Asker: 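Okay, handing you the structure first.
Quantities reported herein were computed from a predicted structural model and do not represent experimental measurements. Computation of the quantities below employed the complete heavy-atom set of this structure, encompassing side-chain atoms and omitting hydrogens, waters and symmetry-equivalent molecules. Here is the naming used below: chain letters follow the sequence lines, and residue numbers restart at 1 for every chain.
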Protein chains: 2
Amino acid sequence: MSSSTSAPPRRSPADKHDARRNQLAESALKTLGEVGYARTSLREVAQNSEFSHGVVHYYFHDKLELILYSVRYYKAQCVTRYDGVVADSTSTEGLLDAFAAKLAETIREEAPMHRLWYDLRTQAMFEEPLREAVAVIDKTLEDMIWRVVSRYAELAGRAPVMASGPAYAVLDGLFQQSLLAHLSGSATALEELSVQVHALMPLLLTRD
Amino acid sequence: MSSSTSAPPRRSPADKHDARRNQLAESALKTLGEVGYARTSLREVAQNSEFSHGVVHYYFHDKLELILYSVRYYKAQCVTRYDGVVADSTSTEGLLDAFAAKLAETIREEAPMHRLWYDLRTQAMFEEPLREAVAVIDKTLEDMIWRVVSRYAELAGRAPVMASGPAYAVLDGLFQQSLLAHLSGSATALEELSVQVHALMPLLLTRD
DNA sequence: ACCTGTTCTTGACACCTGTCAAGACAAAAC
DNA sequence: GTTTTGTCTTGACAGGTGTCAAGAACAGGT
């Protein structure tokens, strides 16, 4: 053990260590997105990296620790996804178009990560150890969506008719169905999602 | 092989066979609801029955066949869950109360089966063989919800503002969040669901 | 009684899993 | 150069998995 932390060297103390952890996290995310939570094995994670299967246990105490670290690592980059939409929009129509387009885009380009998230959230219904982490991430997603809804209400000069929780829930319901349809080969799923979001959002505000 | 089908005896031809299949399906559902799709093993299914682990392969060709048979077996009984609500209601308020109460009741009493369904639907995002069966069941659930929404619109003298697909999606989003909260130990999740459903349903109809 | 076909149990197979320990390797410290 | 330290590989462990075959147990018909 060194002086303060239990980190390896002194020159690049925990940086190298964290860099490897992030590297393994990305390999894990690749595997998780491909085969899902249950079928993800540490050996396949290592095989998706340049290391051997033993190294995972050197950087992570547990399989659970690896997976939670990986998902947190990914979701930390996602929660700002719609912040540009919120910042750049100057009209309700503009925000709606940009938001719907972004939703469709992220399904098109990051479907494996999204299905992984739903997988993890569902597994949390069965495995207690997952629940706290899932709840935290779900809350950040709820806040992310709420920033969009709030800005939308502001631009419309009206007020939301429901709290952030149910607003997130209904939008997430649409998103999830669209993701499943898209992954099932539907060619029109993303367009339909855009139409549905355009129809739903005004309902979340009071009448003028 | 007997005369026409490949069924076992002649007296009770396929009845005994189907009875055993249903019996095993119920044992499978118990296991699936407890530990989820991925962690369900044929040996544990058998252990939840009065038979040994080999018998599963006698009545089902595959693990997949057992699981799909079991889930279909269960969902066949669920699709009429809200039909009484639809039939008995004579006012919008009455239908809303009965519907919301039924939603909360089924979470309270059949949470394991519901999380199993979400598990399966999510796994369908990863495993192609599940998709068709999941799509069929999801459609029957969508129709079930649509009967409620249609009746609600009828009683209100208005028309729904969205198609059955998105209507099911948004209600399912609320339901799923409520289920997760309930399983995570929230004592108020079910009451909140009732409030949210009461708030959402009117938004699904045109203004008077 | 015997025979026949169905039903169920037992045991095995090949494979995969998380975990971990023992040692190889390299790089830095002295 | 030698020692020490951190990094990584290899190989093994104990356990669990789906699948299936061989045979026991049981039924009913003759």
Asker: Does any N or O in the side chain of A:Thr40 come within less than 3.5 Å of the main-chain N or O of A:Gly36, such that one atom is a donor and the other an acceptor?
Answerer: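 Answer holds: yes.
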
Asker: Looking at A:Arg20, I'd like to know whether one of its side-chain N or O atoms comes within less than 4.0 Å of OP1 or OP2 on D:dG6.
Answerer: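 False: A:Arg20 side-chain N/O out of range (4.0 Å or more) of D:dG6 OP1/OP2.
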
Asker: Hey, does A:Thr40 reach any base, or is it just sugar-phosphate, or nothing, if we go heavy atoms under 4.0 Å?
Answerer: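 It contacts sugar-phosphate atoms only.
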
Asker: Out of C:dT9, C:dC8, D:dC8, which has the shortest distance to the side chain of A:Tyr59?
Answerer: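 From the listed options, D:dC8 comes nearest.
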
Asker: Write down the distance between CD (A:Gln47) and C1' (C:dT17), rounded to a whole number of angstrom.
Answerer: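 The answer, rounded to whole Å, is 14 Å.
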
Asker: Across nucleotides 20-26 of chain D, 5' to 3', mark each nucleotide with B, S or - according to how protein heavy atoms within less than 4.0 Å reach it.
Answerer: S------

Asker: Decide if atom NZ of A:Lys63 counts as having more than 12 heavy atoms of other residues, nucleotides or ligands within a radius under 6.0 Å.
Answerer: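 For A:Lys63, atom NZ is crowded (more than 12 foreign heavy atoms under 6.0 Å).
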
Asker: In sequence, state the C-alpha distance, the side-chain angles, and the governing distance for B:Gln176 and A:Tyr118, and then conclude on side chain to side chain donor-acceptor pair (under 3.5 Å).
Answerer: CA-CA 11 Å; B:Gln176 201 173 341; A:Tyr118 287 118; over 6 Å; no

Asker: Rounding to an integer number of Å, can you tell me how far B:Glu65 CD sits from D:dG18 C1'?
Answerer: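 So the CD-C1' distance, B:Glu65 to D:dG18, works out to 14 Å.
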
Asker: Scan nucleotides 14-16 of chain C against the protein and return all N/O pairs shorter than 3.5 Å with their distances rounded to 0.1 Å.
Answerer:
none

Asker: Atom CG of B:Leu64 and atom P of D:dG18: how far apart are they, to the nearest Å?
Answerer: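 Roughly 12 Å, once rounded to whole Å.
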
Asker: Is the CD atom of B:Glu132 crowded by more than 12 outside heavy atoms at less than 6.0 Å?
Answerer: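 Not buried by this count: 12 neighbours or fewer within 6.0 Å.
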
Asker: What is the distance from CG of B:Leu24 to C1' of C:dC8, rounded to the nearest Å?
Answerer: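 Those two atoms, CG and C1', are 11 Å apart.
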
Asker: Do the side chain of A:Arg43 and the base of C:dG18 come within less than 3.5 angstrom through a donor-acceptor pair of N or O atoms?
Answerer: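 Under the 3.5 Å cut-off, the side chain and the base do form a donor-acceptor pair.
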
Asker: Any idea which of D:dT19, C:dT19, C:dT7 is nearest the A:Lys63 side chain?
Answerer: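 Of all the options, the side chain of A:Lys63 is nearest to C:dT19.
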
Asker: Any carboxylate oxygen within less than 4.0 angstrom of a Lys/Arg side-chain nitrogen, looking at B:Glu154 and B:Arg151?
Answerer: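 A salt bridge is present here (some side-chain N lies under 4.0 Å from a carboxylate O).
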
Asker: Whole-Å distance between D:dG15 P and B:Glu44 CD?
Answerer: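 Checked: the CD to P distance equals 17 Å.
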
Asker: Quickly, which of A:Val71, A:Leu66, A:Leu64 forms a side-chain contact (heavy atoms from CB on, under 4.5 Å) with A:Leu68? Name it, please.
Answerer: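 Passing option: A:Leu64.
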
Asker: Decide whether B:Glu127 and B:Tyr37 meet the rule of one side-chain donor and one side-chain acceptor closer than 3.5 Å.
Answerer: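 B:Glu127 vs B:Tyr37: donor-acceptor pair found between side chains.
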
Asker: OP1 or OP2 of D:dC8 less than 4.0 angstrom from a side-chain nitrogen or oxygen of A:Tyr58, does that happen here?
Answerer: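 Answer is no, no contact under 4.0 Å.
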
Asker: Hey, does the side chain of A:Arg21 reach the backbone of A:Tyr59 with a donor-acceptor pair shorter than 3.5 angstrom?
Answerer: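 Confirmed, A:Arg21 side chain pairs with A:Tyr59 backbone.
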
Asker: Give a yes or no on whether a salt bridge exists between B:Arg115 and B:Asp119, defined as a side-chain N under 4.0 angstrom from a carboxylate O.
Answerer: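 No.
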
Asker: Just the rounded figure in Å: distance from C1' of C:dG18 to CD1 of A:Ile67.
Answerer: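 Taking CD1 of A:Ile67 and C1' of C:dG18, I get 11 Å after rounding.
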
Asker: Considering only C:dT9, D:dT7, D:dT10, which nucleotide approaches the side chain of B:Ser52 most closely?
Answerer: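 The listed nucleotide nearest to B:Ser52's side chain is C:dT9.
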
Asker: Separation of B:Arg21 atom CZ from C:dC8 atom P, in whole Å?
Answerer: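 Rounded to whole Å, this separation is 13 Å.
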
Asker: Could you check B:Phe51 against B:Leu24 for side-chain contact (heavy atoms from CB on, under 4.5 Å), going step by step and ending with a plain yes or no?
Answerer: CA-CA 9 Å; B:Phe51 304 105; B:Leu24 288 172; 4.2 Å; yes

Asker: What is the distance, rounded to the nearest whole Å, between atom CZ of B:Phe60 and atom P of C:dC8?
Answerer: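 My rounded result for the distance is 12 Å.
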
